Amino acid sequence: MHLKSLIREKISKKYFDLFGSDPAEFTVEISPPNFGDYSTNVAMVCAKSAKTSPRKIGEKLIEAFKEDPDFEDVEMAGPGFLNFKLSKALYRNVAERYSKSVEMPKVKPQKIQFEFVSANPTGPLTVGHGRQAIIGDILSRLNSAIGNSVTREYYFNDAGRQMKMLGHSTWIRYNELYGKKMAFEEDDYVADYLVDIAKSISDKYGDEYVGIWNDEVQSFFTSYASNEIFEWIKRTLDKLHVPFDVYFSEQTLYKTGLTDEAMKILKDKGYIYEKEDSTWFAVSKIFPAEDDRVIIRKNGDPTYFFSDIAYMLDKYRRGFEKVYYIWGADHHGYIPRMMAVSKALGIPDGFFNVILHQFVTLKSGEETVRMSKRHGEFVTLEDLMDTVGVDATRYFFAMMDPDTTLVFDVDLAKSKRMDNPVYYVQYAHARISSLMKNAKEKGIEYERASLETISKDEEILVRELDEFQDVVITAVNQQKPQKLCNYAYALSEKFHSYYTDHRIVDPGNMELSKDRLKLCACVKNVLEVTLSIIGVSAPEEM
RNA sequence: GUGCCUGUAGCUUAACGGAUAGAGCGUUGGACUCCGGAUCCAAAGGCUGCGGGUUCAAUUCCCGCCAGGCACACCA
């Protein structure tokens, strides 16, 4: 059993026996050095309800644990912490388990959805999308791993104004190829990648569209360009190892009649009204401080917000218990109106969730690269991956709290030196792999080692191994992928330190060697699982 | 002006409300005739932006300031 859980259960039970009630919420954690192995604050948090002092509670618990063979020693220290020293047998059990496999904690399964990236096919993915892709991907991996049923979804607008501008811009580039200069319209896309697409059209269809602009040409250029770009986006995601289960097109909502249905529901409930020739959704009826929003424009075109309403209804109808929208921080103003939508549609609280992440800038040397999509001056996600590699790209996006702005240090990510955390962690794994190989060559079989020689320094490692489940749960609950990176780093750190102080494969002491190898195998297993969730490779050699 | 996010060592940052705020870079000084030196050990460097409050205990929770980022469209 997980050591902390074991200690926790023993405390709860003893406490109930002694005081006739359950203890208040308390913690069990790894002690600081020289305070035993694990410590709890139970005596302090229960003092008030038990109407006695922490010291008295602690003394009684210590007395009650005297005969427990799992605890070699229990002491009280500081303001009332109880510090436990665990038996060797417990440590052996834990190590034994991790040497075989790494179990994921399991939760009551839920059907959940993560919707992320969702970039419209008007241009390549940027580094900002990259951050979002990694956050979404890791949270998806985590939730699948603990037993939830996860759908990864990519939503895109394939109707509407932006698409039209994309088609028009491509057509202009196409005409340029034939020497016909035309003016871009105000919101057209001027970026260079459209030149390539125009060339490809020219290669296939020649000059048949030069100087001709009508609805048919419009729709041809729009769909040609968006298809090309979408393929490009998908290749990039593939390269980044971010798969999607569903690519959901906005048009579907209109084709299936879901938009009409959503409109009817909201109308019946009185959330829809007409004003100034437009149709409005009454956000203020739910959140008085918020402004109402237009869903059908004067010209009869629906806004994207209207699609989003129907899309939420669709998600709900599909039976998800929870949906997560992962958005860049610039979208945060969208949250209240979407929350209002979920309430207006009668969707239960807890269904609609948003995970926001702050922006990304790139740093190379002293120079900070600013993103400017508008002028076609931005670094694509693909360029970044080609420069620093997939592992570093993923790790660097994963290792920072989504709530903080991320300065992506390109030079650091590229470096194969010790200051690069990716290599530090991978190096630990490669080093252990090398040990295993070494042992194999010498014919040392360690799988069935007894672990009798386990002592203080090994226990440090075992405690760190046993943190794994907690880290996973915390990462999921707080939606913080960086917890995994921090953990992988901490475990690697403890291994490197252990390695330096102890000779693992010692021909002069076979029993010790086997025990140590077995322990290293545990570390390797946990590192592999952790890295696999981060989506970074665990190399045998580097 | 309103809302959201963030202020921790010179730099990048960690810390389910817990004990002496933990790392890396940089600086200084050390460690393999032996398993991968891409490693390890040590030193120096902190009124955790400021001021209140809650608590046995606050970097963490609450309130007010200050600073930076972002958003406030019939664009997404």
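As the structure is a prediction and not an experimental result, all values here were calculated from the model. Reminder, nothing fancy here: chain letters follow the sequence lines and each chain counts from 1.
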Participant: What's Asn83(A) touching, base or sugar-phosphate or nothing? Going by heavy atoms closer than 4.0 Å.
Facilitator: base
Participant: If the P atom of C47(B) is compared with that of G30(B), how far apart are they to the nearest Å?
Facilitator: 30 Å
Participant: So what does Glu276(A) touch, heavy atoms closer than 4.0 Å: a base, only the sugar-phosphate, or nothing?
Facilitator: base
Participant: If only side-chain N and O atoms of Thr500(A) are considered, is one of them under 4.0 Å from the OP1 or OP2 phosphate oxygen of C40(B)?
Facilitator: no
Participant: Looking at Lys363(A) and Asp411(A), does any basic side-chain N land under 4.0 Å from a carboxylate oxygen?
Facilitator: no
Participant: Reckon His357(A) touches a base, only the sugar-phosphate, or nothing at all at heavy-atom distances under 4.0 Å?
Facilitator: nothing
Participant: Within the 4.0 Å heavy-atom criterion, would you say Ala430(A) contacts the bases, only the backbone, or no part of the nucleic acid?
Facilitator: base
Participant: Is it the case that the base of A19(B) and the side chain of Ser39(A) share a donor-acceptor contact (distance under 3.5 Å, atom types as modelled)?
Facilitator: yes
Participant: Can you check the distance between U39(B) and C4(B), where both ends of the measurement are the C1' atom (answer in whole Å)?
Facilitator: 43 Å
Participant: Check every strand shown and say whether Gln482(A) touches a base, only sugar-phosphate, or nothing at a heavy-atom separation below 4.0 Å.
Facilitator: nothing
Participant: Scan every strand shown for a Watson-Crick or G-U wobble partner of A57(B), both distances under 3.5 Å, and answer none if you come up empty.
Facilitator: none
Participant: Name the nucleic acid region contacted by Lys483(A), choosing base, sugar-phosphate or nothing; use a 4.0 angstrom heavy-atom cut-off, strictly under.
Facilitator: sugar-phosphate
Participant: Taking any strand in view, what nucleotide pairs with C70(B) in a Watson-Crick or G-U wobble way, both distances under 3.5 Å?
Facilitator: G3(B)
Participant: C1' atom, C50(B) versus U6(B): distance in rounded Å?
Facilitator: 16 Å
Participant: Which part of the nucleic acid, if any, lies within contact of Thr474(A), taking any heavy atom under 4.0 Å across all strands shown: a base, the sugar-phosphate backbone alone, or nothing?
Facilitator: nothing
Participant: Which value, in whole Å, describes the distance between the C1' atoms of nucleotides U33(B) and U59(B)?
Facilitator: 49 Å
Participant: Which letter, B, S or -, goes with each nucleotide of nucleotides 1-12 of chain B from 5' to 3', with contact meaning a protein heavy atom under 4.0 Å?
Facilitator: --BSSS------
Participant: Going by atom types alone, do Glu458(A) and Tyr498(A) pair a side-chain donor with an acceptor below 3.5 Å?
Facilitator: yes
Participant: Within the modelled atom types, does a donor on one side and an acceptor on the other bring the side chain of Thr303(A) and the base of C74(B) under 3.5 Å apart?
Facilitator: no
Participant: Kindly say whether the aromatic ring centers of Phe306(A) and Tyr311(A) come within a distance under 6.0 Å.
Facilitator: no
Participant: Answer yes when Glu528(A) and Lys524(A) have at least one side-chain N-carboxylate O distance shorter than 4.0 Å, and no when they do not.
Facilitator: yes
Participant: P atom, C61(B) versus G7(B): distance in rounded Å?
Facilitator: 10 Å
Participant: Given the C1' atoms of G3(B) and A19(B), what is the spacing between them in whole Å?
Facilitator: 39 Å
Participant: Decide, yes or no, whether a salt bridge links Asp277(A) with Lys298(A) under the criterion of side-chain N to carboxylate O below 4.0 Å.
Facilitator: no
Participant: Counting the atoms with a prime plus P, OP1 and OP2 as sugar-phosphate, which does Glu540(A) contact under 4.0 Å by heavy atoms, base, sugar-phosphate, or nothing?
Facilitator: base
Participant: Both Lys275(A) and Asp501(A) contact RNA chain B. Which one's nearest nucleotide lies toward the 5' end?
Facilitator: Asp501(A)
Participant: For A19(B), give the paired nucleotide (Watson-Crick: N1-N3 plus N6-O4 or O6-N4; G-U: N1-O2 and O6-N3; both under 3.5 Å), or none.
Facilitator: none
Participant: Is Lys285(A) close enough and on-axis enough to Tyr271(A), meaning under 6.0 Å and within 45°, for cation-pi?
Facilitator: yes
Participant: When all nucleic acid strands are considered with a 4.0 Å heavy-atom cut-off, which category describes Asn41(A): base, sugar-phosphate, or nothing?
Facilitator: base
Participant: Round to the nearest Å and state the distance from Phe35(A) atom CZ to G18(B) atom C1'.
Facilitator: 12 Å
Participant: Just checking Phe359(A): base, sugar-phosphate only, or nothing, at a heavy-atom cut-off of under 4.0 Å?
Facilitator: sugar-phosphate
Participant: Please name the nucleotide paired to G51(B) by Watson-Crick or G-U wobble geometry with both distances under 3.5 Å, or report none.
Facilitator: C63(B)
Participant: With a centroid cutoff of 5.5 Å and a plane-angle limit of 30°, would you call Tyr489(A) stacked on A23(B)?
Facilitator: no
Participant: Would you call Glu115(A) and Lys315(A) a salt bridge, using N to O less than 4.0 angstrom?
Facilitator: yes
Participant: Looking at Asp466(A) and Lys4(A), does any basic side-chain N land under 4.0 Å from a carboxylate oxygen?
Facilitator: no
Participant: Give Asp470(A) one of three labels, base, sugar-phosphate or nothing, depending on what nucleic acid heavy atoms sit under 4.0 Å from its own.
Facilitator: nothing
Participant: Both Asn34(A) and Asp277(A) contact RNA chain B. Taking the nearest nucleotide for each, which residue is further toward the 5' end?
Facilitator: Asn34(A)
Participant: Side-chain N or O of Arg55(A) versus OP1/OP2 of C56(B): is the shortest distance under 4.0 Å?
Facilitator: no
Participant: I would like to know whether Trp232(A) and Tyr193(A) meet ring-ring contact (aromatic ring centres under 6.0 Å, His included); could you show each step before the answer?
Facilitator: CA-CA 11 Å; Trp232(A) 186 6; Tyr193(A) 55 84; 5.8 Å; yes
Participant: Any side-chain N or O of Tyr334(A) less than 4.0 Å from the OP1 or OP2 oxygen of A73(B)?
Facilitator: no
Participant: Determine which nucleotide pairs with G45(B), using a 3.5 Å limit on both distances of a Watson-Crick or G-U wobble pair.
Facilitator: none
Participant: In Watson-Crick or G-U wobble terms, both distances under 3.5 Å, what is the partner of C11(B)?
Facilitator: G24(B)
